[in-house]
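A short write-up of the structure that comes next.
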Amino acid sequence: MSTVVRQLPPITQLEVLSLLGGNDRGLKLLEKEFNVKIIGRGGRLSIRGEEEDVEKAMKAIKGMLKEIRRGRVLQPDDLEKVSKDVKEGKEVSLIGVEVYSGRIIRPKNPAQEKYIKAILENEIVFAIGPAGTGKTYLAMAMAVNFLKEKMVNRVILVRPAVEAGEKLGYLPGDIYQKIAPYLRPLYDALYDMMEADRLKEYVDRGIIEIAPLAYMRGRTFNDSFIVLDEAQNSTPEQMKMFLTRLGFDSKVVITGDITQVDLPKNVVSGLIHAERILKEIKGITFFHFTEKDVVRHPLVQEIVLAYERAKKKEEKNTENRERG
């Protein structure tokens, strides 16, 4: 394959600096990733190399310029992300959720990318899917991002405690000690997204609140980002109570796995009930993940699939017994 030279349309000096970084760090990385030579003169970038490599480098640069012109400040790992997308034949995507300390949490697959967009575009989002799809973690990252960017004043993270009945009396300790184990996963995620001192300060000041679902009764949240996790273990009455807490300039994300309902057999899941009666309302969207979207250890995906197969087999056996 012969060597070719391609020239990009003129760009400003500021765009060149944003793209290539200080000391031409970005330039060197791009040259290394695509095995090309990039030459910049007077707002023009020329790329020389094998034709296929040049085309890939041009695609990467155009994708990054598009983000720069949207006002995005490129981070060091953006170049690596773009290079990976181009090499794998994917569309260049730099969607990411910036949390504290400058860390950017990125979607790991197309489903997660669409999920982030759904949260941005809707007031209420229901995310339904198996464990390991990132539905709760990304919702919390979006909540922290909204707080960081001052788009909301508070973040409220909610879970049904001890399944849906919230019967805590048999546990030792005061009420806070009783509910702590059921809210711990939310704290663990927050520690990934912000410094411990900041988290403590925000919790102490009520800027971030982590509470059981029962504590939401009688309240209204304005200028808030509210996440309800494990929503499959809410009852229809609890779900209605929660949804009607929505105030002005707020956003709600509700996550759950309808295959892991811990309610008594005769109690309908509030999550399943909500999808049935709310799916036609504008401003509310239901986003479904599947086992193919699991991004944890590969064994987790296999475990999810195994349980799905077992459930289908059990349902078929039950159906056959009823017929017989």
Side-chain angles (χ1 to χ4, degrees), residues 107-116 118-119 122 124-142 157-167 181-186 188-189 212-213 226-243 252-280 284-323:
K108 297 184 182 297
N109 54 42
Q112 288 192 353
E113 187 171 319
K114 291 176 183 176
Y115 177 41
I116 289 174
I119 293 174
N122 295 272
I124 299 177
V125 175
F126 287 81
I128 301 171
T133 51
K135 56 189 183 295
T136 301
Y137 192 82
L138 284 175
M140 292 179 63
M142 290 293 288
L157 307 173
V158 186
R159 263 191 167 196
V162 195
E163 290 87 34
E166 300 181 3
K167 297 176 181 178
Y182 302 96
L183 305 179
R184 175 52 53 187
L186 302 181
D188 290 343
L213 179 57
I226 310 117
V227 178
L228 171 59
D229 187 34
E230 298 289 339
Q232 75 275 6
N233 288 329
S234 67
T235 65
E237 293 76 18
Q238 288 173 324
M239 181 62 76
K240 178 184 176 183
M241 177 272 291
F242 173 77
L243 289 171
V252 172
V253 180
I254 297 154
T255 69
D257 179 357
I258 58 176
T259 69
Q260 296 192 41
V261 177
D262 296 318
L263 293 164
K265 295 287 186 183
N266 61 336
V267 178
V268 176
S269 165
L271 181 58
I272 296 172
H273 181 261
E275 183 171 22
R276 192 162 63 238
I277 68 171
L278 301 177
K279 61 184 179 181
E280 301 300 328
I284 300 178
T285 191
F286 287 81
F287 190 92
H288 288 266
F289 288 98
T290 71
E291 64 277 355
K292 293 179 182 178
D293 302 316
V294 171
V295 293
R296 289 181 182 172
H297 191 287
L299 276 176
V300 174
Q301 189 168 348
E302 292 299 321
I303 290 168
V304 171
L305 288 170
Y307 274 97
E308 284 295 313
R309 288 193 295 268
K311 181 182 178 183
K312 289 178 182 178
K313 184 177 180 181
E314 183 179 341
E315 289 174 348
K316 187 175 181 180
N317 290 339
T318 300
E319 185 179 331
N320 289 339
R321 284 197 298 270
E322 289 175 351
R323 285 178 179 175

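Each residue takes its place number in the sequence, starting with 1. Since the structure is predicted, the reported quantities are computational estimates derived from the model, not experimental observations.
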Are any side-chain N or O atoms of [X] and backbone N or O atoms of [Y], one a donor and one an acceptor, separated by less than 3.5 Å?
X    : Y    : result
Q238 : S234 : no
D257 : T259 : yes
D293 : T133 : no
S269 : Q232 : yes

Between [atom1] on residue [X] and [atom2] on residue [Y], distance to nearest 0.5 Å:
X    : Y    : atom1 : atom2 : result
T255 : Y137 : OG1   : OH    : 14.5 Å
K114 : T285 : NZ    : OG1   : 12.0 Å
I226 : F242 : CD1   : CZ    : 6.0 Å
H273 : E237 : NE2   : CD    : 8.0 Å
L271 : E230 : CG    : CD    : 10.5 Å

On a heavy-atom basis, which atom in [X] and which in [Y] lie closest, and how many Å separate them?
X    : Y    : result
F289 : K135 : CE1-CB, 3.7 Å
A118 : V125 : O-CG2, 3.5 Å
G134 : Q112 : CA-NE2, 3.9 Å

Quick check: do [X] and [Y] have side-chain heavy atoms less than 4.5 Å from each other?
X    : Y    : value
I119 : F287 : no
F126 : M239 : yes
Y115 : L138 : yes
I116 : M142 : yes

For D262 and N233, test the side chains for any donor-to-acceptor distance below 3.5 angstrom and give the result as yes or no.
-> yes
Only one of L228, T136, L213, L186 clears side-chain contact (heavy atoms from CB on, under 4.5 Å) with R159; which?
-> L186
Of I284, V227, L243, which meets side-chain contact (heavy atoms from CB on, under 4.5 Å) against I254?
->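 When side-chain contact (heavy atoms from CB on, under 4.5 Å) is applied between I254 and each of I284, V227, L243, only L243 qualifies.
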Can you spot which of K316, R321, E314, E315 makes a side chain to side chain donor-acceptor pair (under 3.5 Å) with T318?
->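 The side chain to side chain donor-acceptor pair (under 3.5 Å) with T318 is passed solely by R321 among K316, R321, E314, E315.
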Would you say F286 has more than 12 foreign heavy atoms packed within less than 6.0 Å of its CZ?
-> yes
Hey, are K312 and E308 close enough for a salt bridge, meaning a charged N less than 4.0 Å from a carboxylate O?
->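 No.
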